[in-house]
Amino acid sequence: MPGHVFGRTTKGVLPVAARGEGCYIIDSSGKRYLDGSGGAAVSCLGHSDAGLRAALHAQLDALAFAHSGFFTSEPAESLADALAAHAPEGIERVYLVSGGSEAVEAAIKLARQYFLEIGQPQRHRVIARRQSYHGNTLGALAAGGNAWRRAQFAPLLVETSHIAPCYEYRDRQEDETQEAYGQRVADELEAEIRRLGPETVMAFIAEPVVGATAGAVPAVPGYLKRIRQICDRHGVLLILDEVMCGMGRTGHLFACEEDGVAPDMITIAKGLGAGYQPVGALLASGRIYGAIAAGSGFFQHGHTYMGHAMAAAAAGAVLDAILGRGLLARVREQGAKLDAALRAEFGQHPHVGDIRGRGLFRGIELVEDRAGKTPFDPARKLHAQIKKLAFEAGLICYPMGGTIDGQRGDHILLAPPFIIEDAQIDELVGKLSGAIRGALAA
């Protein structure tokens with residue numbers, strides 16, 4: 001279907017998605033694809049949710065758009081109230097945007113303005129982690145540690161410090177407990193703050209469970225608590241990026257709940273709209289909002305579509321569904337089944353080094369040599385072959401390369417809809433196994 005769309009790549013022709021049915025997307029030829037990754041951890045309610053469709057129809061009949069410089073709207077107010085009511089302690093305000101990159105940009109700019117408002121203009125530095133991803137706009141890309149995505153835009157990016165990730169499979173030493181490892185890598189933040197000068201650092205940003213760049217890598221127990229302590233000690237804001245891992249994906253509405261940590265800001269998107277509308281949000285503490293309110297009274301930022309009524313209505317319906325249909329418990333239950341199925345199929349596989357994740361957010365790391373954790377030659381592009389073969393078999397999954405350092409390593413990210421049934425878990429694992437087998441034989 002050649003046309004004038006400027007797509008993600010100029011190579012090849014994509015099938016036309018014609019309709020959705022539960023966990024499946026059906027193309028114009030009638031072929032069915034099991035959505036094993038929710039697109040990119042987006043479609044948490046599947047592709048044909050009746051409640052979401054009804055909410056959007058009702059909102060469209062009432063009001064589609066009113067610029068937030070002139071009006072608020074009932075859907076935006078209700079969504080913000082609901083998110084704040086279920087957010088970690090101290091989070092009181094919700095800034096609605098259109099996606100994850102916008103949410104991260106807003107967080108970085110709000111952090112800077114906060115310190116201006118409280119009389120600490122020297123604070124401007126951001127610290128993040130290697131092998132992280134925080135979005136594709138220039139500010140978010142600078143914060144992220146995805147070397148492959150950053151490389152060609154490096155001259156345009158603001159300087160950001162990157163410390164070690166919390167990557168247990170690769171970095172924990174044999175004689176080290178999980179807790180000791182977590183404290184060791186968290187202490188890199190302390191060292192970097194001191195190196196830069198604590199008076200210059202404004203924020204540390206991290207994903208509680210790393211998504212696209214490393215493949216569902218969760219923080220080990222105690223890691224984020226130590227990070228929180230270090231930030232508090234030096235007056236640094238803690239921003240947790242839950243764009244991919246939040247909104248129930250790990251079995252908790254906010255992923256950081258499992259770690260027992262309350263940040264100063266949280267970014268959310270993807271599953272917040274479940275694919276039914278483009279929407280994201282920055283959640284901020286009452287302390288940060290209060291500083292703006294007591295100072296200039298104006299956050300010097302904004303987008304035309306922020307607080308969009310249709311987007312807010314969709315997000316509100318998604319939140320109602322997650323909380324009202326018991327889907328958090330279902331994510332934990334089906335996530336355990338998916339984990340068990342992956343371990344049964346790949347637990348002894350000679351080229352599967354690690355199976356990891358939380359809830360319905362799972363990753364598989366592939367290795368050439370399991371004992372030595374040696375990655376495959378990047379020139380082989382194993383991840384790309386797996387993606388291609390899985391798609392041909394009717395499975396959408398999210399393989400990526402550069403898992404270890406931006407160049408070496410292959411992983412597969414899985415993030416199916418929360419409504420996935422047991423038989424569909426079996427279908428997912430079976431088709432993935434065939435794709436891996438075919439790619440390794442090529």
Side-chain angles (χ1 to χ4, degrees), residues 79-96 100 103-104 106-108 110-115 117-118 123 126-129 132 134 143 163 166 179 182-183 185-187 189-190 193 198 201-211 218-269 271-272 280-293 319 322-323 328 331-332 358-359 361:
L79 173 61
D81 288 348
L83 287 170
H86 292 91
E89 183 180 359
I91 297 292
E92 297 178 9
R93 295 287 172 163
V94 179
Y95 188 88
L96 295 174
V104 172
I108 293 169
L110 183 57
R112 172 60 180 163
Q113 187 168 336
Y114 167 75
F115 284 112
E117 300 276 0
I118 65 170
R123 288 190 185 261
V126 174
I127 302 174
R129 302 187 298 185
S132 61
H134 298 297
I163 62 171
C166 187
E179 291 77 6
Q183 305 302 295
V185 289
D187 284 344
L189 175 59
E190 176 88 38
I193 290 172
V201 180
M202 71 178 187
F204 174 69
I205 183 169
E207 302 160 272
V209 184
V210 180
V220 298
Y223 170 81
L224 284 177
K225 285 188 176 180
R226 174 64 73 93
I227 290 290
R228 174 77 272 184
Q229 292 168 356
I230 294 168
C231 288
D232 288 343
R233 185 180 306 138
H234 297 288
V236 172
L237 296 177
L238 174 58
I239 303 169
L240 292 184
D241 179 352
E242 298 202 0
V243 167
M244 189 171 262
C245 64
M247 292 295 97
R249 175 55 59 189
T250 65
H252 299 268
L253 191 62
F254 294 94
C256 60
E257 293 177 48
E258 188 164 340
D259 299 282
V261 171
D264 300 291
M265 290 188 254
I266 307 174
T267 57
I268 55 175
L272 176 63
L282 164 62
L283 281 64
S285 69
R287 176 168 62 102
I288 292 172
Y289 180 84
I292 305 296
L319 198 57
I322 291 172
L323 298 174
L328 294 176
V331 169
R332 294 192 290 271
R358 296 178 184 174
F361 198 43

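- The distance from atom CD1 of I227 to atom CG of L189, rounded to the nearest 0.5 Å, is 4.5 Å.
- In this structure, the side chains of V236 and I230 stay at 4.5 Å or more apart for every pair of heavy atoms.
- Counting heavy atoms from C-beta on, the side chains of T250 and V331 never come closer than 4.5 Å.
- Put simply, CG on D187 and CD1 on I193 are 10.5 Å apart, with the number rounded to the nearest 0.5 Å.
- Smallest separation of non-hydrogen atoms from S132 and A143: OG-O, 4.3 Å.
- Considering all non-hydrogen atoms of both residues, G260 and K225 come closest at O-CE, 3.8 Å.
- For the atom pair CD1 of I118 and CD1 of I292, the computed distance is 9.5 Å after rounding to the nearest 0.5 Å.
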**Request:** Would you check, one step at a time, whether the test side chain to side chain contact (heavy atoms under 4.5 Å, CB included) holds for E92 with I288?
**Result:** CA-CA 9 Å; E92 297 178 9; I288 292 172; over 6 Å; no

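- Pairing each heavy atom of G211 with each of F361, the nearest pair is CA-CZ, 3.7 Å.
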**Message:** Between Y114 and R123, is the side chain to side chain donor-acceptor pair (under 3.5 Å) condition met? List the steps.
**Reply:** CA-CA 10 Å; Y114 167 75; R123 288 190 185 261; over 6 Å; no

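- Between L96 and V94 the shortest side-chain heavy-atom distance falls below 4.5 Å.
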**Prompt:** Can you list the steps and then say if L224 with R228 is a side chain to side chain contact (heavy atoms under 4.5 Å, CB included)?
**Reply:** CA-CA 6 Å; L224 284 177; R228 174 77 272 184; over 6 Å; no

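- Of all heavy-atom pairs between G248 and L328, the closest is CA-CD2, 3.5 Å.
- In this structure the side chain of F254 never reaches within 4.5 angstrom of the side chain of L240, judged on heavy atoms.
- Here the CD1 atom belonging to I266 is positioned 4.5 Å from the CD1 atom belonging to I91, to the nearest 0.5 angstrom.
- Summarising the geometry of C256 relative to P263, their closest heavy-atom pair is SG-CD, 4.1 Å, with the distance given to 0.1 Å.
- Every side-chain hydrogen bond (donor to acceptor under 3.5 Å, both in side chains) that Y223 has, sequence neighbours left out, goes to R129.
- Every residue meeting the side chain to side chain contact (heavy atoms under 4.5 Å, CB included) condition with A111, not counting sequence neighbours, appears here in chain and number order: M202, A203, L237, M265.
- Under the side-chain hydrogen bond (donor to acceptor under 3.5 Å, both in side chains) criterion, the residue pairs touching residues 234-246 are H134-D241, E190-H234, D241-T267, with sequence neighbours excluded.
- Two residues are said to be in side-chain contact when any heavy atoms from C-beta on lie closer than 4.5 Å; V220 and V185 fail this criterion.
- Using a 4.5 Å heavy-atom cutoff, the side chains of I163 and F204 are in contact.
- Under the 4.5 Å side-chain criterion, counting only non-hydrogen atoms from C-beta, L282 is not in contact with I239.
- Within the model, atoms NE2 of H252 and CZ of R332 stand 5.5 Å from one another, a figure rounded to the nearest 0.5 Å.
- Atoms NE2 and CG, on H86 and D81 in that order, are 11.5 Å from each other to the nearest 0.5 Å.
- Contact between A219 and C166 at its shortest, heavy atoms only, is CA-SG, 4.0 Å.
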